[in-house]
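Note sheet for the following structure.
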Amino acid sequence: MRMSKLFVQTLRENPADAEVISHKLLVRAGYIRKLANGIYNYLPLMWRVLKKIENIVREEMDRAGAQELLMPFVQPSELWKESGRWDVYGKELMRMKDRHEREMCLGPTHEEVITAIAREGIRSYKQLPVNLYQIQSKFRDEIRPRFGLLRGREFIMKDAYSFDVDEKGLDKSYEIMAEAYKKIFERCGLETKMVQSDSGAIGGSVSHEFMVLVNENSETNAGENDVFYCPKCGYSANSNHAVSKLNPVNTDGGFEKAEIKDTPKCGSITELAEYLKVPSCVICKCLIYVIDGKYVAALIRGDRTVEETKLMNAFNGNEIRIAGNDEIEEIMTNSGYSAVAGFIGPKGLKGIEIIADETVVPLKNFVIGINETDKHLTGANWGKDVDLPSKICDIRLVEENDLCPQCSEKLKVTKGIEVGNIFKLGMKYSKSMNAVFSDKDGQEKPFIMGCYGIGISRTAAAAVERHHDEHGIIWPQSIAPYLVTIVPVSDQDEQQMKIAEEIYQKLLEAKVEVLIDDRSERAGVKLKDADLIGIPYRITVGKTIKDNLVEFKTRSTGEIEFITPEQAAEKIKKIIL
RNA sequence: CGGGAUGUAGCGCAGCUUGGUAGCGCACCGUGUUCGGGUCGCGGGGGUCGCAAGUUCGAAUCUUGUCAUCCCGACCA
């Protein structure tokens, strides 16, 4: 391709609305352009990158025995009502009506449609297992789109769905996909970590995410997920799912008897601990949450934080938020108290479920709220002064240096970009949508399903996030829009232009994806653009052509060598083999 | 949805306090110059100042409303 004809516009300055590096660079280098909030045009260079990623995904999915198909982007509400998700998916599902007032939605994911396909097309166990996938634009009306392609509303995704006879089959399908994913990301030049995760709105039991780990010290944190991992045994999990063993701490408050003490203005754990001169780990914290419209009181040790996803899952909820002051007031009134947040305790709460984190169980002679403002009960003990709730779960956020649940090594934390995930769905959809097959014994059984996603556009952005320098993008070779760019330094110099053109033709013949910067620009402009756009190899034809030498530069290493035009062409040909 | 900020040419911004009919840099067009890291000069095109209403002889500027965008929190590939 000739740069003079290529549809690309590079910018000198970063776009004002870009926050993360991948967004800035992709806009500056002319790969994407915003059309609306969270909605982007993929310009020719970007489209080439996306197609590269898609093809890697296709090859590995096909190799894993999956079959590609394409489902509609617009879906009827009926299917979503069958699965029950029409009411629980929330505003993220883009709903609309057609001219006949029929309710439709834009596909955020395709479990419903694929299940409908399976129930019509698969009648016998003999047809199983089967894995179907598609690569397509998805639409999720995100609350807050941001970070360019990393969190758009419209994005390209590969979604695959497996159907099996039984759990054992699903385990196998799941394993095959996990292996395929590892290969896919490896081929895309991305190091990923497969971590345990919460299964969220899609439902199901077991789930893993593929995370591209990003540096904590990068200027912005494009990694939106905290990943906890064990350097020793390899345990790793998203913070919304991670569990840990606790470092031993003193859980005895040391108070000699149960006594109500004045604790003026001690509404926070820090203030309370300081005032009573006790460590925060002997205080029992009580937080009020609203889960699917119902109030829940959560007890947790004072030095720990509630992980809201875990708490929500403990109640099989879909939506969780912390209660507001007016809601707390309502609970207090109903229970005959009048305390404000910070002085709430489980004792005497009416019409509200109470759950305790495991961390509060061993507490002795501890401190706890008693629903009286500016007072706390000290020296409390379970059973004697306060009842221990019957519902005891792990609802805490893991912290760095907690102990690994598998091997007790200290856990570490890092930021990650989720580029793929795999779920064991089980019968969630096949049951609700009555998708069944006849098993060996002639009995009808629901399919055992799995689903597997890869964010194609997000993977591209993650690659930029991971591979760039102060000059621009450094594409991994496998997903670069072009492999090599030829830059004649001066378009005034006939010999330079002639040699550049010769190399270009030679590489074209060898089916190399090659650019030639034939624009009538100064050297600086062309070289800056080559770096910004991030082509892996650059052949610069300059003054040294008088000695029959060109400069061969590798973008990723910065390595430069002077070789003959023939050698340069041969070198590129070798690279593609 | 809550908290904060911003909307002026394709992009980045100034002008607004103190109303007088819009400007700079990049990009674009013409021309000359320069030619291995975003040359320099001359000339040029492009904007209903987000939108609407109001105040005023007169509004980018003041008032009200509205829409959009960005950042911080609750969602997820």
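In what follows, chains carry the letters A, B, and so on, assigned in the order in which the sequence lines appear, proteins first and then strands, with residues in each chain numbered from 1. What you are looking at is a predicted structure, and each value in this text was computed from that prediction instead of being measured.
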*Give, ordered by number, those residues of residues 485-496 of chain A having at least one heavy-atom distance below 4.0 Å to an atom of RNA chain B; if nothing qualifies, reply none.*
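Only A:V489, A:S490, A:Q492 qualify.
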In whole Å, what is the span from the [atom1] atom of [X] to the [atom2] atom of [N]?
X	N	atom1	atom2	answer
A:E521	B:A27	CD	C1'	11 Å
A:Y40	B:C70	OH	C1'	11 Å
A:D517	B:G38	CG	P	15 Å
A:R153	B:C75	CZ	P	18 Å
A:N240	B:A74	CG	P	12 Å
A:K528	B:A27	NZ	C1'	17 Å
A:E142	B:A74	CD	C1'	12 Å
A:D531	B:G36	CG	C1'	13 Å

_Judged by each residue's nearest nucleotide on RNA chain B, which is more toward the 5′ side, A:I560 or A:G420?_
A:I560
*asked:* Can you work out whether A:F562 or A:I320 has the more 5'-proximal nearest nucleotide on RNA chain B?
replied: A:F562
When you compare [N] with [M], how far apart are their [atom1] atoms, in angstrom units rounded to a whole number?
N	M	atom1	answer
B:A60	B:U17	P	12 Å
B:U63	B:G73	P	31 Å
B:U55	B:G43	C1'	43 Å
B:C28	B:A68	C1'	27 Å
B:U61	B:U48	P	15 Å
B:C26	B:G36	C1'	23 Å
B:C1	B:U8	C1'	30 Å
B:C62	B:G15	P	12 Å

*Could you check A:E54 against A:K158 for salt bridge (Lys or Arg N to Asp or Glu O under 4.0 Å), going step by step and ending with a plain yes or no?*
CA-CA 8 Å; A:E54 285 184 8; A:K158 185 282 304 179; over 6 Å; no
*Using atom types as modelled and distance alone, determine if a side-chain donor or acceptor of A:K310 lies under 3.5 Å from a backbone N or O of A:S239.*
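Side chain of A:K310 to backbone of A:S239, a donor-acceptor pair under 3.5 Å: no, none is there.
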*Take A:D87 and A:R85, measure what salt bridge (Lys or Arg N to Asp or Glu O under 4.0 Å) needs, and give me the verdict at the end.*
CA-CA 5 Å; A:D87 296 322; A:R85 283 207 291 185; over 6 Å; no
Counting only Watson-Crick pairs (N1-N3 plus N6-O4 or O6-N4) and G-U wobbles (N1-O2, O6-N3), all under 3.5 Å, who is the partner of [N]?
N	value
B:U61	none
B:A5	B:U69
B:U39	none
B:G10	B:C26

Would you say that more than 12 heavy atoms from the other residues, nucleotides or ligands in this model lie under 6.0 Å from the [atom1] of [X], or not?
X	atom1	value
A:E186	CD	no
A:Q67	CD	no
A:E329	CD	no
A:K81	NZ	yes

*Given A:R519 and A:D491, is the salt bridge (Lys or Arg N to Asp or Glu O under 4.0 Å) satisfied, shown in steps?*
CA-CA 8 Å; A:R519 294 177 300 172; A:D491 66 332; over 6 Å; no
_Quick check: A:F562 with A:F552 (ring centres under 6.0 Å apart)?_
no
Does a side-chain N or O from [X] land closer than 4.0 Å to OP1 or OP2 of [N], or not?
X	N	value
A:R12	B:A27	yes
A:N37	B:C70	yes
A:K34	B:C70	yes

*asked:* So for A:R538 and B:G37, does any side-chain atom that can act as donor or acceptor lie under 3.5 Å from a complementary atom in the base?
replied: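 Result: at least one qualifying N/O pair found.
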*Indicate, yes or no, whether a donor-acceptor pair under 3.5 Å links the base of B:C76 to the side chain of A:R151.*
yes
*Check against salt bridge (Lys or Arg N to Asp or Glu O under 4.0 Å), A:R146 and A:E19*: CA-CA 8 Å; A:R146 57 184 145 172; A:E19 185 73 6; over 6 Å; no
Give one of base, sugar-phosphate or nothing for [X], where a contact means two heavy atoms less than 4.0 Å apart.
X	value
A:V419	sugar-phosphate
A:R522	base
A:T540	base
A:G152	base
A:K543	base

*asked:* So, taking the atom named OH in A:Y289 and the one named OH in A:Y295, what distance separates them when rounded to the nearest 0.5 Å?
replied: 15.0 Å
*Taking the six-membered ring of A:Y40, is NZ or CZ of A:R33 closer than 6.0 Å to its centre and within 45° of its axis?*
no
_Measuring from the side chain of A:A523 (C-beta onward, heavy atoms only), which nucleotide among B:A77, B:C75, B:G36 has the closest atom?_
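That would be B:G36.
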*asked:* What's the closest nucleotide to the side chain of A:E19 if the choices are B:C71, B:G38, B:G37?
replied: B:C71
Tabulate atom names and distances for all N/O pairs under 3.5 angstrom spanning the protein and nucleotides 1-11 of chain B.
unit_1 : atom_1 : unit_2 : atom_2 : d
B:G10  : O2'    : A:R33  : NH2    : 2.8

